[in-house]
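Step one of this worksheet: look at the structure below.
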Amino acid sequence: MGPGGGDPDGQLAVKPRSKPQRPSMYKVLLLNDDYTPMEFVVHVLERFFGLRHEGAVEIMLTVHRRGLAVVGVFSYEIAETKVTQVMDYAQQHQHPLQCTMEKE
Ligand code: TYC
C-alpha cells in the first residue's frame with residue numbers, strides 16, 4: 001500500500017467491511033441453586049464484581065427469588081474472566097453456584 005493507506009492497484013484480497021462495528025457486549029448471569037449459602041453469593045458479588053454490600057445482597061436476593069439475574073455487562077474477554085473466576089472460586093469452596101454469559 002502507498003503512504004496514504006489506499007489501494008491504488010486494487011490488489012487487496014479482501015474488501016473492507018461496510019462499517020467498523022462496535023464490539024458486542026455480554027451479560028454475566030448468576031443462577032440460583034438450593035445449596036450455595038447466601039453469604040457466599042454476597043461475598044462473590046463483592047469480590048469479583050466490586051459491588052457494595054447492600055447492592056450485593058439485593059442482587060443475591062433477586063437471583064434467589066427469580067432464578068437468575070444479570071450481574072453486569074462487559075466485553076467478551078472481561079465477561080469470560082468473571083465467569084471463570086466465579087466458577088473456579090465456587091468449585092474451590094465446593095458450592096454448586098453457576099455463572100454464565102450471554103450476548104446482549
Ligand atoms: N438459594 C440459595 C439459598 O437459599 C441462595 C443462592 C442465591 C444461591 C443466589 C445461588 O446465585 C445464587 N441458600
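Read the numbers this way: they start at 1 and go in the same order the structure lists the ligands and their atoms. Just so you know, residue 1 is the first one in the sequence shown, and it goes up from there.
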Query - ligand 1 atoms in contact with Leu97 (distance to a heavy atom under 4.0 Å) - result: 10 (C), 11 (O), 12 (C)
Query raised in the report: Any idea which protein heavy atom is nearest atom 4 (O) of ligand 1, and the distance to it?
Result: His64 CE1, 3.1 Å
Report task. Ignoring angles and geometry beyond distance, decide whether Tyr35 reaches within less than 3.5 Å of ligand 1 through its nitrogen or oxygen atoms. Result -> no
Query raised in the report: Closest non-hydrogen protein atom to atom 7 (C) of ligand 1, residue and atom name please, with distance?
Result: Asn32 OD1, 3.7 Å
Report task. Starting from atom 2 (C) of ligand 1, find the nearest protein heavy-atom neighbour and note its residue, name and distance. Result -> Asp33 O, 3.2 Å
Query - atom 9 (C) of ligand 1: the protein heavy-atom neighbour that sits closest, reported with distance to 0.1 Å - result: Val63 CG1, 3.5 Å
Query raised in the report: ligand 1 versus Leu31, non-hydrogen atoms closer than 4.0 Å: side chain, backbone, both, neither?
Result: backbone
Query - Distance, nearest 0.5 Å, that separates OH of Tyr89 from NE2 of His43 - result: 3.0 Å
Report summary line: The reported gap from CD in Gln98 to CG in Leu30 (rounded to nearest 0.5 angstrom) is 9.5 Å
Report task. Run the salt-bridge test on Lys27 and Glu104 with the 4.0 Å N-O cut-off and return the result as yes or no. Result -> no
Query raised in the report: So, do Phe74 and Tyr26 have ring centers that fall under 6.0 Å from each other?
Result: no
**Report entry** More than 12 heavy atoms from other groups under 6.0 Å of CD on Gln94
**Finding:** no
Query raised in the report: At a 4.0 Å threshold, what atoms of ligand 1 neighbour a non-hydrogen atom of Thr36?
Result: 2 (C), 3 (C), 5 (C), 6 (C), 8 (C), 13 (N)
Report summary line: Of all heavy-atom pairs linking Met87 and Cys99, the shortest is SD-N, 3.3 Å
